[in-house]
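Read the structure below first, then the notes.
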Amino acid sequence: MKLVYFSWVKDRIGMAEEAVELPEDVKTVADLLVWLPGRGANFADALAEPAIIRIAVDQEYATPQTDVTKASEIALFPPVTGG
């Protein structure tokens, strides 16, 4: 599965994307947001406030309950602002 990071999430993690194999216990977006910070200080820093991180699974906005087990791409980005 491909994880894609945008904006300051990308900057803090230190990469734009990566291919990963999720552990079997990561089944939902909420599980993903619990697992990722354990991968290192850069992930913990980027995801310190998981409630503000927006997630898209296969290019569709996702909720914490969205299943990720069959996803091919998950994107993580900060809230969109505009004017």
Check: [Y] main-chain N/O paired with [X] side-chain donor or acceptor under 3.5 Å:
| X | Y | result |
| --- | --- | --- |
| Asn42 | Ile13 | yes |
| Asp31 | Lys27 | yes |
| Asp67 | Thr28 | no |

Hydrophobic clusters here meaning ILVMFWY residues chained together by side-chain heavy-atom distances under 4.5 Å, can you tell me if [X] and [Y] are in one?
| X | Y | result |
| --- | --- | --- |
| Ile52 | Phe43 | yes |
| Val34 | Val20 | no |
| Val57 | Leu33 | yes |

Less than 4.5 Å apart, side chain to side chain, heavy atoms only: is that true for [X] and [Y]?
| X | Y | answer |
| --- | --- | --- |
| Leu3 | Leu36 | yes |
| Leu76 | Val4 | no |
| Leu22 | Trp35 | yes |
| Ser7 | Phe77 | no |
| Thr63 | Val29 | no |

Which distance, rounded to the nearest 0.5 Å, do you find between the NZ of Lys2 and the CD of Glu18?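 Lys2 atom NZ to Glu18 atom CD measures 11.5 Å (nearest 0.5 Å).
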Distance col, row Asp58:CG vs Ile74:CD1, nearest 0.5 angstrom, shows 8.0 Å
Looking only at heavy atoms, which two atoms of [X] and [Y] are closest? And how far apart?
| X | Y | result |
| --- | --- | --- |
| Lys10 | Tyr5 | CB-O, 3.4 Å |
| Phe6 | Ala75 | CE1-CB, 3.8 Å |
| Arg12 | Ala46 | CB-CB, 3.7 Å |

Using the side-chain contact (heavy atoms from CB on, under 4.5 Å) rule, take Met1 and Glu73 through it: C-alpha gap first, then chi angles, then the decisive distance, then the call. CA-CA 6 Å; Met1 151 179 323; Glu73 179 185 274; over 6 Å; no
